[in-house]
Amino acid sequence: MPTLPNNPHLPFGDQRNAPWYGKDILSVSQFTREDLEYIFAVAHEMRIMVERVGTFDLLKGKILANLFYEPSTRTSSSFTSAMERLGGSVIPINEVRYSSVTKGESLPDTVRTLDCYADVIVLRHPEVGSAALAAKYARKPVINAGDGIGEHPTQALLDAFTIKEELGHIDGLTVTMLGDLKYGRTVHSLARLLSLYKVKIHYVSPEILRMPPEIIEELQRKGIEQTEHTRLEEVLPETDVLYVTRVQKERFEDPAVYESVKDAYVITPEVMKAAKQRMIVMHPLPRVYEISMDFDDDPRAAYFRQMEYGLYVRMALLAMVLGKA
Ligand code: NCD
């Protein structure tokens, strides 16, 4: 494996006094704007390093436990890829039903176990607050990879990084969040994170899937201009970032209610004729019905590039909490 070039301009090295060393990443509320600038700078360097050498040994010998109680493709595999590209290794526990969880083991005990074997724990769990609970029992850093309908901070960081890399800046943009704003944890985290910038946010959703009022109030207190709509046409022409989300089927108690809203909005080349030429369409993925595959080849479709940015942001976060950035 290539060793890291001795380049004084790269923000890498042993930095155990660094502010993120040993810290948990539980919510976007932990971050300041300066933190984001720093994370983006490290993520940008990670991108350059991956393009240049692919894999390097910044986290050689370190072990990540990937503990997933809910399905995941991107988050789990991008954390694995991030750790391995940095020379570390991974204990994958993606199928908790084959672990002692099936025997009735509690989250604190499972976390205490992985704490003995790993240097960092990535957790996805269906309950809000689960990552904070895990962090209470772990001495090692815990990274929240989605706690039910609560937060998904690493996704919001990679979303903001995507906007920055694609459009060059975040201040001054109009961001439209579309779809399931009630149950979608990615939009909960992203709205909070964007409140560190001077943005205007439009929420477009079916009546029953509106953004939770406590989040709207939180952003209002920070002076963010926000509007709510049910029709995308009202805001699409002025949108710089259209953030599309999946209707979160697994959170609905009544399947008939899900059926009634599942294809409330579908992004097609026809719909996108009303949008700017210089703007981007994002989606945390997986998509189901909400973006037609016919739109994938449009240069404004940024959702596949967004996945790749996720790798660099997660590499940056791992390096930071393990004291190497
Ligand atoms: C999202 C999630 O798990 O919240 N997926 C992801 O992490 N990229 C979005 C979703 O499942 O709809």
Side-chain angles (χ1 to χ4, degrees), residues 25-28 43 64 66-83 92-96 121-131 142-163 175 177-194 203-206 209-212 215 241-252 258 261-267 280-291 296 301-315 317-318:
I25 296 178
L26 304 177
S27 159
V28 289
L64 175 151
N66 229 1
L67 177 58
F68 279 67
Y69 290 75
E70 275 191 345
S72 169
T73 303
R74 269 151 295 273
T75 307
S76 134
S77 58
S78 66
F79 267 112
T80 300
S81 176
M83 195 61 183
I93 309 190
N94 290 335
E95 288 277 6
V96 284
I121 299 171
V122 173
L123 174 70
R124 170 170 290 186
H125 193 280
E127 278 160 40
V128 176
S130 50
V142 171
I143 300 180
N144 181 4
D147 59 335
I149 63 167
E151 280 220 34
H152 196 346
T154 67
Q155 178 74 43
L157 291 167
L158 79 87
D159 291 340
F161 182 63
T162 301
I163 299 173
V175 178
M177 300 187 179
L178 176 74
D180 184 348
L181 308 184
K182 179 179 181 186
Y183 297 121
R185 55 191 168 203
T186 65
V187 281
H188 300 165
S189 286
L190 183 59
R192 288 188 167 117
L193 197 67
L194 289 178
Y203 304 115
V204 183
S205 71
L209 297 178
R210 285 165 67 174
M211 183 59 93
I215 296 182
V241 176
L242 178 62
Y243 194 96
V244 186
T245 64
R246 171 179 74 89
V247 178
Q248 308 275 301
K249 184 178 184 181
E250 65 277 27
R251 314 282 182 212
F252 284 75
Y258 167 72
V261 287
K262 75 177 180 14
D263 27 40
Y265 308 97
V266 183
I267 298 303
I280 52 170
V281 177
M282 297 174 62
H283 192 305
L285 303 176
R287 71 167 151 191
V288 192
Y289 309 102
E290 57 282 355
I291 302 181
D296 293 351
Y303 30 92
F304 299 133
R305 299 191 292 274
Q306 185 181 349
M307 288 197 278
E308 188 186 323
Y309 294 127
L311 172 68
Y312 310 131
V313 168
R314 288 177 173 133
M315 288 173 78
L317 294 174
L318 290 174

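Start at 1 and go down the list; that is how both ligands and their atoms are numbered. FYI, the numbering just counts along the sequence from 1.
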**Student:** Which heavy atom in H188 sits nearest to a heavy atom in Y183, and how many Å separate them?
**Tutor:** CE1-C, 4.2 Å

**Student:** Quick check against the 3.5 Å criterion: does S130 have a side-chain atom that pairs as donor or acceptor with the backbone of D147?
**Tutor:** no

**Student:** With sequence neighbours excluded, what pairs up with T162 under the side-chain hydrogen bond (donor to acceptor under 3.5 Å, both in side chains) test?
**Tutor:** none

**Student:** Determine, for E70 against R251, whether the closest basic-nitrogen to carboxylate-oxygen distance falls under 4.0 angstrom.
**Tutor:** yes

**Student:** Is the side chain of S78 donor-acceptor paired with the backbone N or O of R74 at a distance under 3.5 Å, no angle test?
**Tutor:** yes

**Student:** Can you name the residues that come within less than 4.0 Å of ligand 1, going by heavy atoms only?
**Tutor:** T75, R124, H152, Q155, R185, T186, R246, Q248, P284, L285, P286

**Student:** Verify whether one side chain among D159 and T186 offers a donor that lies under 3.5 Å from an acceptor in the other.
**Tutor:** no

